[in-house]
Amino acid sequence: MTTYITKTNGLYGSLTLAKENQVASILAAKGVLPMSFYYYNVAAEADAALSARLDGILAALSYGDDLVLQLPTFMGSKFDQLLIQKFNVFRQSSASKLIFFVHDDLLTDPAMTANSDLVHFIDQADVLIVNSPATAQYLADLGVSRHHYVFYHILDVPTRAYATLPAHYSPKINLIGQDSQEIADFDKAGFKVDVYGTDLEATDTVIPHSVALNDPRLPYELAANGGWGVIMPHQKDNAYRTHYDLGIMIGAGLPIVALAGTPDAEWVEHYRLGFVSRSVDEAIQQITSCVERDYLRMRLSITDLAHLTEKGTFTSHAVSQAVRIK
């Protein structure tokens, strides 16, 4: 029995697809084989041509093989539905399983509404891999009735940037794509603020960096800068979404300040990676009162976890669990 995992190529600059390719790369080292799609306008393709194309994509499958479909595919519902219809032949005639690896990005799709076509599509999987129990509950509230869930918790970022972090305390603040109010609040409190993935104008105390979130240089730039990684977004999906920033900050070895009530905060609290804050004002107070000894202890906890994310531990464990479910 072989396990395959999908990935979409040809849509350049997409953070979502960069994450999906990263997952496929991690699993390749574990013997999971890639099944690649090349992005194109499926809607303009004749049904017979699409069917033949999918037959070619699935040609390597044997009865008993499992398929991990990463969502979103960006190929469109026509492509996705026909792919599943064809794979159902294997499911109906053998122990083959259909596993959906649901990236957080899918949760913000406008089509993700109660009992929508997208929800019914998700409900076709034998196993759903999602980031947290909160996400599972969110999907259940929308009408997904699957009973088999596996959690990947955070998306591993394989990097050794954490090993390059200077071994001393720094009060610098590192933000990735945060809003202007948070930047202003930290700046007003007297911190030097480095903001990544932005084209803001530089000031004496606010330093913008254009390096993108999916750029492998980002963890190294964060590690070289040192200080704190702050993850305090304001989106309405905070209660069930694990932000990619978390994996980046862990990979960089930075102690983290996370917004209370989020999966990010649960990780920070459980592994003692930094502080959990209800507001920017509270975060400022916590960082200001932190002594170097406590900061370095957080650094050690981050390093222990970074050893695992470097190896893709959480991703590979989640897929391994999903494959074993009967």
Side-chain angles (χ1 to χ4, degrees), residues 5 7-8 13-30 32 34 68 70 101-107 129-132 135 151-165 174-178 194-198 209-233 241-258 262-268 270-274 298-320:
I5 186 164
K7 62 176 184 174
T8 302
S14 169
L15 174 61
T16 304
L17 294 188
K19 291 191 285 186
E20 294 183 7
N21 275 271
Q22 181 173 285
V23 168
S25 295
I26 288 170
L27 294 173
K30 308 296 182 181
V32 177
V68 181
Q70 295 196 79
F101 194 116
V102 181
H103 288 267
D104 290 353
D105 311 78
L106 187 70
L107 306 179
I129 302 176
V130 300
N131 70 302
S132 69
T135 296
F151 307 111
Y152 63 84
H153 299 294
I154 60 173
L155 203 58
D156 296 299
V157 178
T159 178
R160 285 196 55 79
Y162 64 90
T164 68
L165 189 68
N174 297 280
L175 302 172
I176 300 178
Q178 301 292 337
D194 286 81
V195 188
Y196 296 83
T198 181
H209 303 262
S210 60
V211 59
L213 194 59
N214 60 349
D215 192 319
R217 295 174 299 173
L218 178 55
Y220 288 93
E221 290 202 14
L222 288 164
N225 198 43
W228 299 85
V230 179
I231 310 172
M232 300 191 70
R241 193 174 185 193
T242 304
H243 294 88
Y244 191 51
D245 304 19
L246 181 64
I248 294 288
M249 298 297 189
I250 291 171
L254 297 181
I256 297 166
V257 180
T262 64
D264 305 327
E266 291 179 11
W267 274 80
V268 168
H270 180 75
Y271 287 97
R272 300 179 181 179
L273 307 179
M298 296 172 191
R299 279 275 314 275
L300 288 175
S301 297
I302 288 276
T303 299
D304 288 342
L305 193 57
H307 283 307
L308 299 178
T309 59
E310 178 191 356
K311 299 172 184 176
T313 301
F314 297 98
T315 301
S316 56
H317 180 67
V319 171
S320 177

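Computation of the quantities below employed the complete heavy-atom set of this structure, encompassing side-chain atoms and omitting hydrogens, waters and symmetry-equivalent molecules.
With sequence neighbours left out, the side-chain contact (heavy atoms from CB on, under 4.5 Å) criterion links A161 to T159, P219, Y220, A223. Qualifying side-chain contact (heavy atoms from CB on, under 4.5 Å) partners for S25, counting only residues two or more places apart in sequence or in other chains: none. Listed by chain and number, the residues in a ring-ring contact (aromatic ring centres under 6.0 Å, His included) with F151 amount to none (sequence neighbours excluded). In this view, S14 and L11, T16, L17, F74 satisfy the side-chain contact (heavy atoms from CB on, under 4.5 Å) rule, not counting sequence neighbours.
A 4.5 Å side-chain heavy-atom check between R272 and M298 finds every atom pair outside the cut-off. At a threshold of 4.5 Å between non-hydrogen side-chain atoms, the residues L15 and K19 count as touching. Looking at heavy atoms from C-beta onward, I231 lies in side-chain contact with L246 at the 4.5 angstrom threshold.
A donor-acceptor contact shorter than 3.5 Å links the side chain of N174 to the backbone of W228. Although no hydrogens or angles enter the test, the distance criterion places no donor-acceptor pair under 3.5 Å between the side chain of E20 and the main chain of K7.
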Next item on the list: Test side chain to side chain contact (heavy atoms under 4.5 Å, CB included) on L222 and M249 and set out the steps.
Entry: CA-CA 8 Å; L222 288 164; M249 298 297 189; 4.1 Å; yes
Next item on the list: Assess whether side chain to side chain contact (heavy atoms under 4.5 Å, CB included) is satisfied between T198 and S210, documenting all intermediate values.
Entry: CA-CA 5 Å; T198 181; S210 60; over 6 Å; no
Next item on the list: Apply the test side chain to side chain contact (heavy atoms under 4.5 Å, CB included) to residues I154 and N131: give CA-CA distance (whole Å), side-chain angles for both, the deciding distance (0.1 Å), then the verdict.
Entry: CA-CA 6 Å; I154 60 173; N131 70 302; over 6 Å; no
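We find the CD-CG distance between Q70 and L106 to be 12.0 Å, quoted to the nearest 0.5 Å. We find the CG-CD1 distance between N21 and I5 to be 10.0 Å, quoted to the nearest 0.5 Å. Atom OG1 of T242 is separated from atom CH2 of W267 by 8.5 Å, given to the nearest 0.5 angstrom. In this structure, I129 CD1 and T135 OG1 are separated by 13.0 Å, a value rounded to the nearest 0.5 Å. Rounded to the nearest 0.5 Å, atoms NZ (K30) and NE2 (H317) are 12.0 Å apart. Rounding to the nearest 0.5 Å places CD1 of I256 at 9.5 Å from CG of D245.
Here the options are L213, L175, L218, the test is side chain to side chain contact (heavy atoms under 4.5 Å, CB included), and the partner is Y196; only L218 passes. Exactly one of V268, L273, L308 qualifies for a side chain to side chain contact (heavy atoms under 4.5 Å, CB included) with I250. That residue is L273. Considering T313, T315, T309 in turn, T315 is the only one that fulfils the side-chain hydrogen bond (donor to acceptor under 3.5 Å, both in side chains) rule with D156.
Nearest heavy atoms, I302 versus G253: CG2-CA, 3.2 Å. Heavy atoms only, all atoms of each residue included: V157 and Q22 are closest at CA-NE2, 3.8 Å. Residue D264 comes nearest to H243 through the heavy atom pair OD2-ND1, 2.8 Å, listed as atom of the first residue, atom of the second, then distance. Taking all atoms of both residues into account, the shortest heavy-atom contact from S132 to P263 is OG-CG, 4.2 Å.
Between H153 and F314, the ring center distance fails the sub-6.0 Å criterion.
The side-chain hydrogen bond (donor to acceptor under 3.5 Å, both in side chains) contacts involving residues 299-308 comprise Y162-H307, where partners must be two or more places apart or lie in separate chains. Residue pairs meeting the salt bridge (charged side-chain N to carboxylate O under 4.0 Å, His left out) criterion with at least one partner in residues 209-219, sequence neighbours excluded, are D215-R217.
Side-chain contact annotation: N225 with D194, donor-acceptor N/O pair under 3.5 Å present.
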